[in-house]
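One structure below.
Just so it is clear, the model here is predicted, and its values are computed rather than measured.
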Amino acid sequence: MSPRDEIPNLRGQDGEGSVQVHLDPSMKIENTMVFSVYGKGGIGKSTTSSNLSAAFASMGKRVLQIGCDPKHDSTFTLTGRLQPTVIDILRDVDFHAEELRPEDFVTIGWGGVKCVEAGGPPAGTGCGGYVVGQTVKLLKQHHLLEETDVVIFDVLGDVVCGGFAAPLQHADRAVIVTANDFDSIYAMNRIIAAVQAKSANYKVRLAGCIANRSRETNEVDRFCERAGFKRIGHMPDVDAIRRSRLKKKTLFEMDADEDVLACRKEYLRLAEALWTGQEVPTPLPLPDREIFELLGFD
């Protein structure tokens, strides 16, 4: 038996037992499409985020990608290098943000994508939500969000705490990256519950899921059918994606072989679908036991 058989009723709350405060209205990101990318750790969120950023840039959109991971590697395929984090830069000036210039914490990547690495607190200390908040505050102080059409938050791993759900306070749509396996789908179910909780008090809605690095999508599709969710994309397990990471490039910079062209086409289709804001049915997260019965053990 699962240790938690039922998903708590989160309707009208910000999550059971939540102690979070509402977002300061002055920190709202307005007149911009904001996406938060979630999924199980190691599932390919940064690859997905960076290639979506490149796809939006190819469509002529002004894009800002914010990495929300202490590894600060979200944007390295756009910039070709690791860049310092906002939290480290702020610490260097004793948190006197007025001493900073945009070029201190923003790197221009492929296609003109503005790249920011929020970073995170040292292990075992602080909260990722604080780091996200400080990053958005800094961007607003320098008016960088006023010159942006699309913002993509690339969020660390699973939704492990309210802090890492903080980007949902800013997002219009949440995108979940999954694979065609039990662990990834289990994590997706928890993320659906977190987004539904946030949607009671914020504008965020689920956009759908992307099956990533998966030859098949049958398990993802079975879950989506049961939960009332929607798979909006499929990125197969092709070597071109692995090679692009090794070369520190997005697929849009790679030599145009057959696999690269097919992947670019899929990312462009995804970006167009996200930009037009196609409606997705509101899914219901499944109780843990039901997921095990559906996808786990006989």
Taking only Lys NZ, Arg NE, NH1 and NH2, and the carboxylate oxygens of Asp or Glu, determine whether [X] and [Y] approach each other closer than 4.0 Å.
X    : Y    : answer
D149 : R62  : yes
E290 : R226 : yes
E225 : R222 : no

[X] to [Y] - nearest heavy-atom pair and separation:
X    : Y    : answer
K114 : E147 : NZ-O, 3.5 Å
N212 : I43  : ND2-O, 2.9 Å
Q141 : A97  : OE1-CB, 3.5 Å
L52  : A271 : CD2-N, 4.0 Å
C263 : L251 : CB-CD1, 3.6 Å
S74  : Q65  : OG-NE2, 2.8 Å

Verify the neighbour count for atom [atom1] of [X]: are there more than 12 heavy atoms of other residues, nucleotides or ligands below 6.0 Å?
X    : atom1 : answer
K61  : NZ    : yes
K203 : NZ    : yes
E258 : CD    : no

- [ ] Mind checking side chain to side chain donor-acceptor pair (under 3.5 Å) for Q134 and listing every partner two or more places apart, or none if nothing turns up?
- [x]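 Q134 satisfies side chain to side chain donor-acceptor pair (under 3.5 Å) with no other residue.
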Just so I know, are the side chains of [X] and [Y] near enough to count as touching, which here means a heavy-atom distance under 4.5 Å?
X    : Y    : result
D255 : V260 : no
F153 : V136 : yes
K40  : Y186 : no
I232 : I210 : yes
H234 : V220 : no
R245 : S46  : yes
K198 : Q169 : yes
Q196 : P283 : yes

Open item on the list: Would I66 and L139 count as a side-chain contact (heavy atoms from CB on, under 4.5 Å) here? Give the steps.
Closed with: CA-CA 10 Å; I66 304 173; L139 290 166; 3.7 Å; yes
Open item on the list: Would Y267 and T250 count as a side-chain contact (heavy atoms from CB on, under 4.5 Å) here? Give the steps.
Closed with: CA-CA 11 Å; Y267 279 119; T250 69; over 6 Å; no
Group every Ile, Leu, Val, Met, Phe, Trp and Tyr by side-chain heavy-atom contacts under 4.5 Å, then state whether [X] and [Y] land in the same group.
X    : Y    : value
I185 : L284 : no
V177 : L206 : no
L138 : V93  : yes
V63  : L270 : yes
L100 : V116 : yes

Task: Partners meeting salt bridge (charged side-chain N to carboxylate O under 4.0 Å, His left out) with D183 (sequence neighbours left out) - done: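 Once residues adjacent in sequence are excluded, D183 has no partner under the salt bridge (charged side-chain N to carboxylate O under 4.0 Å, His left out) criterion.
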Open item on the list: For D88, give me all partners under salt bridge (charged side-chain N to carboxylate O under 4.0 Å, His left out), at least two apart in sequence or on another chain.
Closed with: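 Per chain and number, D88 pairs via salt bridge (charged side-chain N to carboxylate O under 4.0 Å, His left out) with R91.
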From [X] atom [atom1] to [Y] atom [atom2], the distance as rounded to the nearest 0.5 Å:
X    : Y    : atom1 : atom2 : result
D104 : R101 : CG    : CZ    : 4.5 Å
N180 : R213 : CG    : CZ    : 13.5 Å
L295 : N218 : CG    : CG    : 9.5 Å
I176 : I191 : CD1   : CD1   : 5.0 Å
T107 : R81  : OG1   : CZ    : 4.5 Å
I192 : S199 : CD1   : OG    : 11.5 Å

Open item on the list: Enumerate the ring pair (Phe, Tyr, Trp, His ring centres under 6.0 Å) contacts for residues 87-110, please, sequence neighbours excluded, ordered by first and then second residue.
Closed with: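 For residues 87-110: F105-H142, W110-F252.
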Open item on the list: So does R215 get a backbone contact from the side chain of D237, meaning a donor-acceptor N/O pair under 3.5 Å?
Closed with: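 Such a contact is absent between D237 side chain and R215 backbone.
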TODO: Output yes when a side-chain donor or acceptor of S50 lies under 3.5 Å from a complementary backbone atom of L78, and no otherwise.
DONE: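 Not a single qualifying donor-acceptor pair exists.
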- [ ] Under the side-chain contact (heavy atoms from CB on, under 4.5 Å) rule, collect the residues that match up with R243, sequence neighbours excluded.
- [x]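 For R243 the side-chain contact (heavy atoms from CB on, under 4.5 Å) partners, ignoring immediate neighbours, are D239, A240, M254, D257.
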Task: Trace of the salt bridge (Lys or Arg N to Asp or Glu O under 4.0 Å) decision for E272 with R269 - done: CA-CA 5 Å; E272 182 64 37; R269 186 196 63 77; over 6 Å; no
Open item on the list: Going by side chain to side chain contact (heavy atoms under 4.5 Å, CB included), P167 matches just one of T135, V155, D154. Which one?
Closed with: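 Only one of T135, V155, D154 forms a side chain to side chain contact (heavy atoms under 4.5 Å, CB included) with P167, namely V155.
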Open item on the list: Working note: L168 + Y202, criterion side-chain contact (heavy atoms from CB on, under 4.5 Å); need CA distance, chi angles, decisive distance, verdict.
Closed with: CA-CA 8 Å; L168 295 173; Y202 299 98; over 6 Å; no
Open item on the list: Please give the remaining members of the hydrophobic cluster of L82, linking ILVMFWY side chains under 4.5 Å, ordered by chain and number.
Closed with: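 Under the 4.5 Å side-chain rule, L82 groups with F76.
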- [ ] Using the side-chain contact (heavy atoms from CB on, under 4.5 Å) rule, take I152 and F56 through it: C-alpha gap first, then chi angles, then the decisive distance, then the call.
- [x] CA-CA 10 Å; I152 295 179; F56 278 119; 4.1 Å; yes
